[in-house]
Amino acid sequence: MFSLKQNCWFIRKVVIWRAVASIAWSVLLLPVTSAVFVLLSRFSLFHPIQWISECTSLLTASSTIFSLVVLCGVVLITGLFNLEFYTLVPSIPCSRMALLGTVLHPRQCVHSLVYCTMGMLVMWCASVTIGGRYSTLGIPCKQSESGEVVTCLNEYHLFLLLAGAFMGYSHSFLGVVKNMYYVSFQPIQQYKYPRFKGCLPMVVKCSVIQSLYSARNFAALYFFFGKIFINLCITLQLYSSLQPLDSLTGLLDFSLLYHLSISGTFLYFTWYLTVLLFRIYVTEAYSFPVQSTFTEDAEQCLPKVLAETNTLVMKFLALQDLALLSQHSLSRRLEVFSLSQPGGHPHNWNAISRECMSLLSELTQRLLAHQDAVASNGRVKSQSASIDTRSASSSSSVVSGTEDVSETPRLSVPLRTPGSVFTSSVGGMHSALTAPFTPDVDSPFSSPAIRRLVGQQEPRSPWFGTVQSPHIMRRGPKLWSASTESQSNGSPPASPATVPSPPAANQKPSFLAQWLQNRREQVKSFLAKRVLIVYLFNKLPEASSQALFADSQAHIWALQGLSHLVAASFSEDQFGVVQTTLPSILSCLVVLLEAVDRHFKLPHASSKPVRTVCSMGDSTYKTLRFALRAALKTAIYKITTTFGEHLNAVNISTEHRKRLQQFLEFKE
Amino acid sequence: MCSLGVFPAPVTAAQTLFERNNELLSALHPGEHSQACDLPSPQFTRDTLKGHSRPESSSRSVFLDQRDTLWMRSAGAWRDAGLYGLLDEITNSAEEVPRFLAVGSACVLALLRWASSFHGSLFPHLTLSSDEMVAEFSQMLDWSDSALRSFAWHPHTDKFAVALLDDSIKIYKSNSSPTPTLKHRCQRSVCALQWKPLCGSALAVACQSCLLIWHVDPASLSTRPSSGCAQVLSHPGHSPITSIAWSPTGSLLVSASPVDTSMMVWDVAAESAVPLQRVGGGGVTYLSWSPDGSRLLAATPSALFRVWETRMWTCERWPCLKGSCQSACWSPDGGCLLLSMQGERVIYALTFSDLTGGPKAASVVADLSETTFPGPDGDLTVGGEVCSLSWDPRGERLAVLLKGDSQADNHPSVIAVFKTRSSPVFELLPCGFVMGEAGAEPRFMQFHPHFQHGALLTVCWSDGRISHVPFYFSSAGLLGGDSPQQALASNTTNPSSNKLYTEQIS
């Protein structure tokens with residue numbers, strides 16, 4: 001499972017140690033949270049002295065120590081999961097089906113299973129700590145007729161254990177839905193301790209709220225299915241003298257609900273704290289040297305690191321470092337502008353600017369490809385040609401099956417932009433999610449895991465997912481083929497394998513295949529009329545837009561770094577190294593601005609997402625496109641205000657000059 | 001140290017027009033006319049602006065049917081006034097509710113009041129109502145009574161925004177293009193305005209309940225931009241907002257509220273905020289970002305202010321002796337901070353430098369205690385507490401708005417203008433008083449951010465007029481010259497000679 005490919009020095013030397021430090025801190029904080037939990041769980045208003053003394057004796061008891069050891073194990077596993085699953089680019093499902101696919105994915109199932117077990121473990125520790133009627137699963141009881149002592153089931157204990165499992169599952173489930181493993185970077189830099197202190201109230205609040213929600217849901221679930229579950233799974237007799245818990249009176253027990261929510265809060269808090277510490281440690285700024293005197297360190301220098309494509313986290317941190325040095329550090333800026341010693345070439349600046357510009361132009365191409373694909377009314381332009389022929393042919397009940405097969409490779413080819421930096425990202429470390437296009441209707445199993453399993457990117461095209469027309473036929477082929485593949489093959493990993501290679505697509509299908517194709521078309525058109533199917537496969541609004549800009553934090557840093565460096569070069573660049581690249585930088589920015597402007601004219605692109613109320617999942621990615629637009633304009637303004645009239649001497653095309661003139665006059 | 005005694009006597013009879021040859025000239029002088037600046041100077045009177053005169057709570061008793069059921073009234077009270085209102089309502093309708101409930105709510109209410117009065121005795125500003133608090137901490141003198149609520153120049157163009165008594169904002173440009181009026185449901189009790197640097201359109205507005213970011217398209221001819229052009233940023237417990245500050249790079253916005261101990265650092269486009277909490281002080285009233293972006297001043301309602309450095313966001317605590325920090329301004333290079341305290345008639349200076357690691361104590365640079373000048377129609381007393389400070393972008397003129405005494409009739413509020421010099425030692429020299437028309441007192445002032453021929457001070461007067469007072473001087477390069485940009489720009493006038501580096505490398 002933990003297939004960390006550790007060939008990158010950054011993962012080996014930095015990320016691993018950061019993760020270890022975060023786990024160590026979560027383990028160190030565990031006794032504190034446990035002590036608070038003990039105090040709260042044994043709370044009694046009327047006997048304060050007894051309460052305190054009981055708690056102190058309990059805290060030193062051997063059972064508590066054992067519980068702590070178990071909890072340490074839980075925290076350790078949580079930390080390892082964080083390290084394994086974290087992603088800097090969120091996976092954004094474009095339809096409900098894609099979401100469902102992610103939730104039901106085997107890797108996710110394993111995750112849920114582990115979290116269920118961990119939830120039960122934590123709840124077991126909690127119930128042992130609370131003691132009293134919760135402490136053991138089996139209790140001796142007298143049978144009413146014979147009077148002999150047998151072991152009965154303690155329903156309270158079971159209730160808590162099941163609650164733990166439920167909370168573990170819901171944590172795992174919400175982790176997918178709310179992108180719990182997405183790590184976002186803060187807009188400001190802070191030291192780790194103040195940041196932790198600032199986030200702590202939020203984590204407490206989130207865990208309390210989440211615990212209350214889960215407690216409510218679990219109580220409802222237990223009320224309906226509790227008895228059935230017990231009868232099915234457990235042969236022990238119920239401890240009969242107690243009120244059965246799956247009745248209203250049994251559930252409306254204040255003490256039970258209090259203990260349930262307190263334990264739930266403890267459970268969530270432990271996990272959330274681990275996540276928080278991991279986020280804080282991973283996103284801490286790392287200072288890369290701009291240049292090194294020793295050749296063996298050359299690969300750790302900023303220009304080399306920026307060009308690196310395999311380790312996403314390193315690339316992000318390098319871009320962040322670039323943005324920071326361009327704003328705050330004069331000496332490091334001078335290193336960027338310096339010339340190489342023998343030869344006098346501005347290698348540093350050339351490498352950095354080239355990397356930033358390739359990043360930005362890759363985004364431009366991605367946006368243009370998306371715009372070409374989506375006509376302004378949200379329909380599919382390039383697909384509609386093939387669709388039209390199909391609908392014509394299907395009306396005459398002669399279905400050509402070849403199109404369906406051939407269209408995937410044909411449409412996906414232009415999308416593989418060569419400049420795409422993230423396409424081959426991350427040696428198994430985490431998501432290789434470049435692709436704005438991966439979260440698609442036709443690839444419900446587009447989670448990073450699957451791509452790792454297959455070792456291949458699905459060359460799927462964006463515009464299947466972007467259909468918004470009510471004309472269901474257009475959506476039909478794709479969604480059906482996705483579901484048949486997953487059904488017929490049974491194993492999801494096989495689904496990308498069915499993407500045919502172009503020569504295969506050219507082969508004439510056999511009669512049997514054609515017949516199958518016929519059937520498929522019929523079933524497809526039948527399904528396309530069902531409400532549930534439409535609901536599942538309907539495109540979520542603005543998801544494609546979010547997906548396009550999912551990794552835009554990198555672009556924002558590139559823009560900031562580039563613009564501040566160029567602005568600083570006005571006074572600091574002694575050799576004029578920036579001037580040779582200034583025209584290309586300007587035109588790169590203007591072209592990107594035009595693409596972004598056009599993107600925001602698409603439907604749903606400029607609608608604001610709903611604000612989420614207090615959740616541990618980070619929703620920063622939903623507004624990244626607005627942040628990118630603002631950063632882009634600020635970057636251009638930064639350059640135009642610094643250079644002013646001197647820009648007229650820069651050699652750029654007339655249209656771009658016109659656009660820049662707008663900026664010079666502050667009319668954007 | 002400079003004091004008001006060495007100032008030239010103010011000319012009370014006429015409006016100050018401009019400064020030339022080191023002399024402030026007023027409309028009295030024959031042959032001198034207000035010239036050159038074609039900036040709009042609108043006037044607003046209180047009569048034409050209808051403010052919402054009545055707070056919402058008082059209108060409730062007029063309109064709401066008092067014979068509603070208890071449930072309805074409780075729900076209304078909860079919605080309008082929160083827990084307090086609910087408890088109050090239950091206590092007041094004691095005959096309709098069970099006795100234990102009425103007694104219980106009365107007890108809880110008493111307990112809450114006691115606790116809040118205790119809290120209020122620690123931080124007296126918390127007992128103020130929201131409007132009073134805005135009036136107290138606003139940079140506008142006599143905020144609640146003024147037709148003008150706030151004013152802001154655009155940092156790059158000849159464009160300014162004015163917030164008015166009726167909660168609308170007007171935007172004026174130098175040419176006679178239409179003046180957009182901004183209105184929004186949430187735009188109440190505007191306390192501060194600031195344009196986003198490095199942007200043509202975004203204007204941040206600090207309102208009573210939230211923070212509004214207007215995006216006013218400069219090319220648009222519309223006079224009433226819809227409220228869809230405004231972004232609403234709010235955070236629970238973070239209102240009223242009395243001060244906002246954009247970072248000079250335009251990427252971050254910081255907002256402060258006197259009731260919230262944390263100030264919010266907003267990433268405006270992403271609509272996310274990072275709270276920076278420091279409990280001491282009980283709130284944050286005033287923010288000022290240094291022009292080089294490296295430091296941020298945060299004043300609290302208590303006798304304490306903080307200077308944050310903006311790289312890692314750590315802060316230095318500066319306890320003051322007497323009152324809270326009322327106003328402050330940074331020198332253009334960000335190395336010097338001038339402050340004024342409530343209850344003190346002096347200006348303090350703090351000098352920051354990266355070499356020495358910051359100042360140890362503030363030094364007094366100007367004494368502003370009352371001074372009486374004899375005039376043709378009786379004596380005129382000038383001096384008092386400082387309401388606001390403003391330093392021109394070249395660092396050559398410092399304007400200080402001095403509070404007058406509203407009881408005494410010959411002690412008006414005035415603007416004293418100092419010349420500033422930074423070498424060999426930092427020094428303030430007297431320049432003169434800026435006077436308005438007869439009977440008008442200054443309320444607010446701000447320097448134009450990029451006036452070509454010196455400095456341009458824009459003053460909002462108590463009669464609702466906005467006027468511009470140019471100071472013509474040639475820059476001595478004492479403080480302003482250290483902007484490297486200007487230095488370089490001045491010796492590369494020919495743009496083509498800017499190409500130091502030819503295309504050989506690539």
Side-chain angles (χ1 to χ4, degrees), chain A residues 184 186-191 194-195 197-198 201 324 327-328 339 344-346 350 560 564 567 570-581 608 611 619-620 622-624 626-631 633-638 641-650 662-663 665-668, chain B residues 154-159 196-202 217-219 231 234 236 247 249-252 254 262 265-278 293-294 310-315 483-489 492-506:
Chain A
S184 73
Q186 278 205 315
I188 59 172
Q189 297 295 308
Q190 273 179 289
Y191 288 110
R195 193 173 157 203
K197 218 170 57 174
L324 288 177
Q327 290 175 46
H328 296 293
L339 302 181
H345 294 282
N350 283 348
Q560 283 177 350
H564 279 100
F570 195 81
S571 55
E572 292 168 8
D573 178 14
Q574 295 171 338
F575 309 106
V577 294
V578 175
Q579 296 204 4
T580 48
T581 39
K608 298 262 175 191
R611 201 82 70 79
S619 59
T620 327
K622 290 183 182 165
T623 47
L624 268 179
F626 303 104
L628 179 93
R629 183 172 60 168
K633 285 194 172 176
T634 309
I636 301 179
Y637 268 122
K638 180 86 192 162
T641 47
T642 310
F643 281 82
E645 292 302 312
H646 301 284
L647 280 184
N648 294 331
V650 177
Q662 296 271 310
F663 277 91
E665 290 165 5
F666 283 90
K667 286 196 173 153
E668 278 293 322
Chain B
H154 191 274
H156 305 288
T157 52
D158 283 342
K159 176 159 86 170
K196 180 179 175 180
L198 297 180
C199 182
S201 58
D217 186 5
Q231 256 178 297
S234 63
S247 75
T249 53
S251 52
L252 299 172
V254 185
S262 51
V265 183
W266 294 93
D267 183 351
V268 170
E271 299 194 0
S272 63
V274 180
L276 290 175
Q277 188 166 38
R278 292 290 183 277
S294 62
T310 58
R311 205 185 152 170
M312 293 307 285
W313 291 92
T314 53
C315 66
S483 143
Q485 209 171 305
Q486 282 177 354
L488 195 71
T492 55
T493 44
N494 182 10
S496 59
S497 73
N498 209 359
K499 289 214 160 197
L500 304 172
Y501 194 78
T502 48
E503 311 267 340
Q504 292 162 1
I505 295 303
S506 58

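Values below: every heavy atom of this structure, side chains too, minus hydrogens, waters and symmetry copies. Chain identifiers are assigned alphabetically (A, B, ...) following the order of the sequence lines, protein sequences preceding nucleic acid strands; residue numbering begins at 1 within each chain. Just so it is clear, the model here is predicted, and its values are computed rather than measured.
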For B:A269 and A:A627, work out which heavy atoms get closest and say how close.
-> CB-CA, 3.5 Å
Report, as yes or no, whether the 6.0 Å neighbourhood of atom NZ on A:K667 holds more than 12 heavy atoms from other residues, nucleotides or ligands.
-> no
Do you know which of A:F626, A:Y191, A:F663 has the most heavy-atom pairs with chain B at a distance under 4.5 angstrom?
-> A:Y191
State which residues pass ring-ring contact (aromatic ring centres under 6.0 Å, His included) with B:H154; sequence neighbours excluded, sorted by chain then number.
-> A:F666, B:H156, B:W195
Greatest number of heavy atom pairs closer than 4.5 Å to chain A - which of B:L276, B:T314, B:D217 = B:L276
Select, from A:L624, A:L628, A:L647, A:T623, the one with the greatest count of heavy-atom pairs under 4.5 Å involving chain B.
-> A:T623
Of all heavy-atom pairs linking A:V577 and A:P346, the shortest is CG1-CB, 3.3 Å
So which part of A:E665 gets closer than 4.5 Å to some heavy atom of chain B, the side chain, the backbone, both or neither?
-> backbone
Do we see a donor-acceptor contact under 3.5 Å between the side chains of A:R195 and A:Q186?
-> yes
Non-neighbouring partners of B:S247 that pass side-chain hydrogen bond (donor to acceptor under 3.5 Å, both in side chains), sequence neighbours left out = B:T249
Highest number of heavy-atom pairs under 4.5 Å with chain B among A:K197, A:K608, A:H328 belongs to A:H328
Identify which part of B:S201 has an atom lying under 4.5 Å from any heavy atom of chain A, answering side chain, backbone, both or neither.
-> both
Please look at A:K622 and chain B and tell me whether the side chain, the backbone, both or neither of the residue comes under 4.5 angstrom of a heavy atom of that chain.
-> neither
